[in-house]
Engineer: 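Dumping the structure here so I can ask a few things about it.
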Amino acid sequence: MLDIKFIREHPDEVREGCRKKGVDVDLDRLLEVDEGRRKVLMEVEGLRSQQKRMSKEIYRKKGESGQPAGIDEMRDLKAQLKDAEKQLRPIEDEFHTLMGIVPNLPLPEVPEGRDETENVVVREVGQRPTYDFTPRDYMKIAEGLDIIDTKRAAKVSGSRFGYLKGASVLLEFALVRLAIDTLMEEGFIPVIPPVMLNYKAMDGMGYLTRGGSEVYQVEKDDLYLVGTSEQSLGAMHMSEVLDQGDLPRRYVGFSTCFRREAGSYGKDTKGILRVHQFDKVEMFSFCEPEKSRDEHDFILEMEEKLVRMLGIPYRVVQMCGGDLGDPAADKRDIECWMPGMGEYRETHSCSNCTDFQARRLNVRYRARGQGSGGTKLRFVHTLNGTAYAIGRIIIAIIENFQQADGTVLIPDVLKGPMGGIERIGR
RNA sequence: GGAGGGAUGGCCGAGUGGAUGAAGGCGGCGGUCUUGAAAACCGCUUCUCCGAAAGGAGACGGGGGUUCGAAUCCCUCUCCCUCCGCCA
């Protein structure tokens with residue numbers, strides 16, 4: 001959610017931001033409704049003011065001569081007030097609906113562009129491995145090693161599911177532990193959050209407006225399955241006031257993620273690259289507004305560190321305006337090199353959502369002012385970033401460290417947590 | 001699933017129809033004292049919306065009702081807690 005005052009005072013900036021994101025919002029209608037709303041609001045408040053005054057008058061004169069005067073007029077006034085309030089309601093409803101569909105504005109430095117084809121590669125890091133054989137696709141290797149089984153998953157669940165088995169399970173736990181240990185050293189608080197959220201929390205994170213079809217809903221209980229623990233981590237401090245001294249407040253969450261993948265029919269249908277259910281370690285940060293750009297850099301730095309630790313070559317990609325979701329003001333991805341596929345594939349993503357989610361969720365902090373003024377409430381900024389999306393990192397490990405004989409070498413940092421084994425074989 | 005209790009400011013907690021936006025405490029901010037700090041003492045401190053301002057309105061979990069007037073009475077929904085049952 002944006003600030004209506006900001007929209008009112010900078011309509012062109014908002015229009016420009018929506019254009020850059022490629023989102024069509026009827027701003028003129030919003031401004032018109034806002035104006036009407038304020039007019040009716042003033043009327044209602046005027047009537048209420050009058051009612052209050054008269055009511056006090058009646059109270060003051062109570063003791064005097066029997067039935068107090070003015071009660072009949074009050075009944076009239078009340079009817080009038082009810083009328084005005086009834087008029088206000090649909091206006092308020094439309095106002096909130098329109099406010100809800102205005103996306104966050106992209107930061108000025110976000111490049112122009114319609115979709116992912118116009119994202120900008122910022123840098124490439126690491127040496128791509130060379131092979132004296134033709135590198136295979138990860139699923140071929142994984143099936144050979146019997147560590148990923150999508151066929152049986154299809155039998156019991158449908159397409160876009162998978163069983164991780166044997167060494168891939170150990171790999172998952174090792175990765176989770178590595179991510180949590182690494183991030184705890186940086187002050188992140190580890191969290192295992194709920195994977196089901198109520199409407200208020202899910203809507204507050206801004207993923208039901210556009211992209212709502214991605215979300216699984218448990219209708220009977222009116223709950224939503226998270227697509228990422230970002231959603232439950234961000235909503236954790238809903239309606240709270242944080243202390244300035246506690247910022248930035250950084251969490252590392254581990255959870256299963258659920259995505260309907262509606263609209264991606266035919267895309268990445270094989271294997272576990274794009275599935276309905278996967279596990280992910282995720283970073284989330286609440287910080288002061290002035291510091292969110294730095295915090296964004298910091299989260300990207302953590303992501304790169306985690307990828308470098310594994311020794312996987314990658315590139316950093318700056319999202320263009322058209323490829324940002326509703327809540328993001330800025331977003332950068334990491335794409336890992338996948339030798340089997342012969343291309344870079346997205347494994348990480350970090351976004352600065354500025355105060356967009358904080359406004360919707362009402363997450364504020366008490367800012368210490370100098371002098372006698374004391375303190376002031378302000379909205380925090382929220383940021384999120386992938387630590388490890390387990391499935392995709394397993395893919396990257398298999399593809400990058402595959403051997404001619406179909407085995408996979410284990411990155412040094414993972415050997416210990418995997419019980420000292422050097423490679424995955426049969 | 002059954003029975004009961006509860007939801008008030010940043011937090012705890014009083015308040016059962018009228019000047020209460022809300023006692024008291026904690027916390028926070030400022031000050032006195034001190035070499036400095038702590039303690040003690042004094043003062044200030046709810047938030048949101050409308051308005052250029054003066055000022056006005058709203059908010060005691062959400063929604064509705066009764067009343068001239070509701071934190072306070074009634075209805076309803078949600079959430080939390082306790083006990084019993086079931087259960088990983």
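Below, read A as the first sequence line, B as the second, and so on, with proteins coming before strands; counting in each chain starts at 1.
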Engineer: Once you apply the 3.5 Å cut-off to both distances, tell me the Watson-Crick or G-U wobble partner of B:G21, or none.
Structural biologist: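 Because no pair has both required distances under 3.5 Å, B:G21 counts as unpaired.
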
Engineer: Taking only side-chain nitrogens and oxygens of A:Arg366, does any of them come within less than 4.0 Å of OP1 or OP2 of B:G28?
Structural biologist: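 It does not, given that no N or O in the side chain of A:Arg366 lies less than 4.0 Å from OP1 or OP2 of B:G28.
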
Engineer: Hey, does the Lys NZ or Arg CZ of A:Arg249 hover above the aromatic six-ring of A:Tyr365, less than 6.0 Å from the centre and inside 45° of the axis?
Structural biologist: no

Engineer: Nearest whole angstrom, please: distance from the P of B:C47 to the CD of A:Glu240.
Structural biologist: 17 Å

Engineer: Side chain of A:Ser55 only, please: which of B:G18, B:C50, B:C47 is the nearest?
Structural biologist: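 Shortest atom-to-atom distance from the side chain points to B:G18.
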
Engineer: Compare the minimum distances between each of B:A57, B:G10, B:C49 and the side chain of A:Arg37, then state the nucleotide with the smallest one.
Structural biologist: B:C49

Engineer: Identify the nucleotide, in any strand shown, that forms a Watson-Crick or G-U wobble pair with B:G58, with both distances under 3.5 Å; if there is none, say none.
Structural biologist: B:C47

Engineer: Which base, if any, makes a Watson-Crick or G-U wobble pair with B:C73, both distances under 3.5 Å?
Structural biologist: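 Per the H-bond distance test, B:G65.
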
Engineer: Could you identify the nucleotide paired to B:A40, looking across every strand shown and requiring Watson-Crick or G-U wobble geometry with both distances under 3.5 Å?
Structural biologist: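 For B:A40, the partner nucleotide comes out as B:U32, under the 3.5 Å rule.
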
Engineer: Report which part of the nucleic acid A:Lys200 touches: base, sugar-phosphate, or nothing (heavy-atom distance under 4.0 Å, all strands).
Structural biologist: nothing

Engineer: Can a salt bridge be assigned to the pair A:Glu290 and A:Arg378 using a cut-off of 4.0 Å between side-chain N and carboxylate O?
Structural biologist: yes

Engineer: Could you tell me how the ring of A:Tyr216 sits relative to the ring of A:His276: parallel (under 30°), tilted (30 to 60°) or perpendicular (over 60°)?
Structural biologist: perpendicular

Engineer: Please tell me which of the listed nucleotides, B:C49, B:C68, B:G10, lies nearest to the side chain of A:Lys78?
Structural biologist: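 Minimum distance to the A:Lys78 side chain belongs to B:C68.
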
Engineer: Taking atom P of B:U48 as reference, at what distance in whole Å does atom CG of A:Asp3 sit?
Structural biologist: 11 Å

Engineer: Pick base, sugar-phosphate or nothing for A:Lys82, based on heavy-atom distances below 4.0 Å to the nucleic acid.
Structural biologist: sugar-phosphate

Engineer: Enumerate the residue pairs fulfilling salt bridge (charged side-chain N to carboxylate O under 4.0 Å, His left out) with a member in residues 159-174 of chain A, sequence neighbours excluded, ordered by first and then second residue.
Structural biologist: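 Residue pairs passing salt bridge (charged side-chain N to carboxylate O under 4.0 Å, His left out), neighbours aside: A:Asp146-A:Lys165.
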
Engineer: Counting any heavy atom closer than 4.0 Å, what does A:Leu242 reach on the DNA or RNA strands: base, sugar-phosphate only, or nothing?
Structural biologist: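 Touches nothing.
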
Engineer: Using purine N1 to pyrimidine N3 plus N6-O4 or O6-N4 for Watson-Crick, or N1-O2 and O6-N3 for G-U wobble, each under 3.5 Å, what pairs with B:C83?
Structural biologist: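 Pairing partner, where one exists within any strand: B:G2.
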
Engineer: Measure from the side chain of A:Glu45, starting at C-beta and using heavy atoms only, and say which of B:A57, B:G51, B:U48 lies closest.
Structural biologist: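 The nucleotide sitting nearest to the side chain is B:A57.
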
Engineer: Using a cut-off of 4.0 Å on non-hydrogen atoms, how would the nucleic acid contact of A:Arg89 be classed: base, sugar-phosphate, or nothing?
Structural biologist: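 Answer is sugar-phosphate: A:Arg89 comes under 4.0 Å of backbone atoms only.
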
Engineer: Identify which nucleotide among B:G64, B:A57, B:G69 has an atom closest to any side-chain atom of A:Gln51, counting heavy atoms from C-beta outward.
Structural biologist: B:G69

Engineer: Please work out if A:Arg359 contacts a base, only the sugar-phosphate, or nothing of the nucleic acid, heavy-atom cut-off 4.0 Å.
Structural biologist: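 No contact.
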
Engineer: Here's a test of your reading of the structure: between A:Leu41 and A:Val44, which maps to the more 5' nucleotide of RNA chain B?
Structural biologist: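 Checking each residue's closest nucleotide, the 5'-ward one belongs to A:Leu41.
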
Engineer: Report all side-chain donor-acceptor pairs from residues 195-203 of chain A shorter than 3.5 Å, counting only partners two or more places apart or in another chain.
Structural biologist:
residue: A:Asn198; atom: OD1; partner: A:Lys200; partner atom: N; Å: 3.3
residue: A:Asn198; atom: OD1; partner: A:Ala201; partner atom: N; Å: 3.0
residue: A:Asp203; atom: OD1; partner: A:Arg360; partner atom: NH2; Å: 3.3

